[in-house]
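So the structure is just underneath, and the comments pick up after that.
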Amino acid sequence: MRLFMLILHFIGLALAVGTGFAYLFLSLSAKKLSKEEGKDLFVKTLPIQKMSHIGLFLLVLSGGYLMTPYWDTLMQNHYLLAKLICVLGIIALVSTMSSLAKQVKKGNDETAMQKIEKLGKITLPLGLIIVVLAVLTFH
């Protein structure tokens with residue numbers, strides 16, 4: 001069962017962090033377009049967020065199981081504690097971005113789009129920090 005959960009965890013990681021990379025390259029492409037075309041590309045690529053949600057769900061599901069032997073010693077393992085705090089942070093960011101995306105879909109809200117872009121610039125580095133902390137914890 002542990003191996004299956006570890007496989008799910010890595011698939012979730014690929015989906016969640018992959019979303020950050022996808023949006024990074026899409027935003028670089030959007031900057032080469034006119035303002036209207038860039039907005040249109042942004043709105044049309046919002047469904048990619050589903051990939052992030054699925055990835056986070058798999059990460060949390062499998063991570064909860066994989067953490068079973070570590071809960072007792074969590075407070076002594078600073079890297080693991082920092083990793084879990086960062087995971088909570090990324091869940092909060094993705095949730096906020098998701099609610100902002102609903103606003104954008106309803107009315108093409110310029111302010112919400114700008115907030116998503118700013119938050120998106122935080123999620124990719126935070127995802128990479130989580131990977132580094134995981135490696136430091138479980139090497």
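Considering all non-hydrogen atoms of both residues, Gln103 and Ala112 come closest at OE1-CB, 3.7 Å. What you find for Gly55 and Leu15 is that their closest heavy atoms are CA-CB, 3.7 Å. In terms of heavy atoms, Gly18 sits closest to Met51 at C-CE, 3.9 Å.
When the side chains of ILVMFWY residues are joined at heavy-atom separations under 4.5 Å, either directly or via intervening members, Phe10 and Phe21 end up in a single hydrophobic cluster. Put simply, Met67 and Met5 are part of two different groups of oily side chains (I, L, V, M, F, W, Y) that touch within less than 4.5 Å, one to the next. Linking Ile, Leu, Val, Met, Phe, Trp and Tyr residues whenever their side-chain heavy atoms come within less than 4.5 Å places Ile11 and Ile54 in a single cluster. Criterion: ILVMFWY side-chain heavy atoms under 4.5 Å apart, direct or through other members. Under it, Leu24 and Val43 are part of a common hydrophobic cluster. Both Leu13 and Ile7 are part of a single hydrophobic cluster, where members link through side-chain heavy atoms under 4.5 Å apart.
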Given side chain to side chain contact (heavy atoms under 4.5 Å, CB included), test Ile90 with Cys86 step by step and report yes or no.
-> CA-CA 6 Å; Ile90 209 161; Cys86 288; over 6 Å; no
Start with the C-alpha gap between Ile48 and Leu26, add the side-chain angles, then the distance that decides, and say whether side chain to side chain contact (heavy atoms under 4.5 Å, CB included) holds.
-> CA-CA 11 Å; Ile48 293 174; Leu26 285 169; 3.6 Å; yes
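To the nearest 0.5 angstrom, Lys32 atom NZ is 14.0 Å from Glu37 atom CD. For the atom pair Leu3 CG and Leu8 CG, the distance stands at 11.5 Å (nearest 0.5 Å). Atoms CG and CG, on Leu61 and Leu56 in that order, are 12.0 Å from each other to the nearest 0.5 Å. Between Leu100 atom CG and Gln114 atom CD the span is 11.5 Å, to the nearest 0.5 Å.
The side-chain heavy atoms of Leu81 and Met75, taken from C-beta on, include a pair separated by under 4.5 Å. Residues Ser29 and Leu33 form no side-chain contact, since every pair of their non-hydrogen atoms from C-beta on lies 4.5 Å or further apart. Between Leu46 and Val104 there is a side-chain heavy-atom pair separated by less than 4.5 Å.
Annotation for Leu88: hydrophobic cluster partners, listed by chain and number, are none (ILVMFWY side-chain heavy atoms under 4.5 Å, direct or chained).
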Which pairs would a plain distance check flag for residues 115-139, meaning a side-chain donor or acceptor within less than 3.5 Å of a matching protein atom at least two apart in sequence or in another chain?
residue: Thr123; atom: OG1; partner: Gly120; partner atom: O; Å: 3.0
residue: Thr137; atom: OG1; partner: Leu80; partner atom: N; Å: 3.3
residue: Thr137; atom: OG1; partner: Leu133; partner atom: O; Å: 2.7
residue: His139; atom: ND1; partner: Leu136; partner atom: O; Å: 3.0

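Residue pairs satisfying the side chain to side chain donor-acceptor pair (under 3.5 Å) criterion with at least one member in residues 59-73, sequence neighbours excluded, are listed as follows: His9-Ser62.
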